[in-house]
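Just follow the structure's listing: the first ligand is 1, and inside any ligand the first atom is 1.
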Amino acid sequence: MRKLIAGNWKMNCLKGEGIELARDLGMRYAQENDPAFDLLICPPATLIDAVGNVIAGSGVLLGGQDCHAEPKGAHTGDIAAPMLADLGCSHVIVGHSERRQNHGEIDLVVAEKAAAAHRAGLAAIICIGETEAERDAGHALAVCTRQLAGSVPKGATADNTVIAYEPVWAIGTGRTPTAADVAEVHRHIRAELCRQMSDADRVRILYGGSVKPSNAAELMSVPNVDGALVGGASLKAEDFWAIAQACS
Ligand code: PEP
């Protein structure tokens with residue numbers, strides 16, 4: 001399966017930095033002869049328009065980091081999925097653990113956001129993953145089962161849905177699960193998706209959590225790992241590009 005390398009810039013980058021980073025990545029991707037991977041940038045909402053202009057024509061994809069479940073209305077500070085589509089986004093991240101933790105987003109809310117993304121013609125990158133306590137208690141697979149059942153909306157297909165397995169304890173910590181642990185969870189996610197969707201074998205399942213150039217090749221070669229969702233290392237063009245190159 002063609003891999004997807006997605007960069008989640010989170011709440012980082014002022015305009016100048018963001019444009020420079022996007023320009024660098026756009027040039028690298030455009031110059032790559034028949035790239036073996038899709039490259040996606042998810043800047044903060046303030047920069048989506050500017051980044052979209054910079055990467056136009058390069059083949060790099062554009063995404064949002066979150067969307068509201070409603071298409072418009074009285075929701076101060078929120079962004080609707082059609083607004084992201086209007087700016088040229090093809091993807092939106094929903095249910096990131098930072099949204100689940102900091103904004104109290106439960107599975108039902110995540111499913112509603114993903115459904116809103118689908119209605120707007122966007123692919124939803126639905127994030128799931130266990131906390132450290134849940135892993136230590138032996139509940140990692142059960143947590144993923146529960147989150148998949150609750151967060152993946154009806155109507156999800158391989159074309160409009162990407163799953164990102166992001167163990168919460170690996171995000172921004174420099175720690176990663178072993179390749180064997182990643183393989184076990186991704187195999188489990190694939191099997192669970194098969195119960196929910198007819199084309200589950202084509203759904204891309206990304207791994208996220210402290211992916212960096214030094215561990216990308218190993219993580220990306222794990223069966224059922226169809227790409228990466230990258231936070232910190234996506235803020236440096238050289239590092240993000242090195243991660244993407246690990247898929248070639
Ligand atoms: C993320 O927040 O999606 C992420 C994976 O972060 P990091 O790569 O910094 O661990």
**Request:** Report, in ascending order of atom number, the atoms of ligand 1 lying under 4.0 Å from any heavy atom of Gly172.
**Result:** 7 (P), 9 (O), 10 (O)
**Enumerated ligand 1 atoms positioned under 4.0 Å from heavy atoms of Ser210** = 7 (P), 8 (O), 10 (O)
**Asp38, Thr161, Asp226 screened by side chain to side chain donor-acceptor pair (under 3.5 Å) with Arg204, the one that passes** = Asp38
**Item:** His186: ring pair (Phe, Tyr, Trp, His ring centres under 6.0 Å) partners, not counting sequence neighbours
**Value:** Tyr165
Electrostatic pair [X]:[Y] at N-O distance under 4.0 angstrom:
X	Y	value
Arg187	Glu184	no
Arg100	Glu166	no
Lys113	Asp78	no

**Message:** Please work out, at 4.0 Å between heavy atoms, whether the side chain, the backbone, both, or neither of Asn8 comes within that distance of ligand 1.
**Reply:** side chain
**Message:** Test of understanding: given a 4.0 Å heavy-atom threshold, classify the contact between Ala170 and ligand 1 as side chain, backbone, both, or neither.
**Reply:** backbone
What residue and atom, counting heavy atoms only, is the protein's closest point to [atom], and at what distance?
atom	value
atom 2 (O) of ligand 1	Lys10 NZ, 2.5 Å
atom 4 (C) of ligand 1	Gly231 N, 3.5 Å
atom 5 (C) of ligand 1	Glu166 OE2, 3.1 Å
atom 1 (C) of ligand 1	His96 NE2, 3.2 Å
atom 9 (O) of ligand 1	Gly232 N, 2.8 Å

**Request:** Indicate if Ile189 and Val182 have the same hydrophobic cluster label, given that clusters are the connected sets of ILVMFWY residues with side-chain heavy-atom separations under 4.5 angstrom.
**Result:** yes
Without placing hydrogens or testing angles, list every side-chain donor-acceptor pair under 3.5 Å for residues 40-53, not counting sequence neighbours.
residue : atom : partner : partner atom : Å
Asn53   : ND2  : Asp49   : O            : 3.4

**Message:** Please determine whether any non-hydrogen atom of Gly209 lies less than 4.0 Å from an atom of ligand 1.
**Reply:** yes
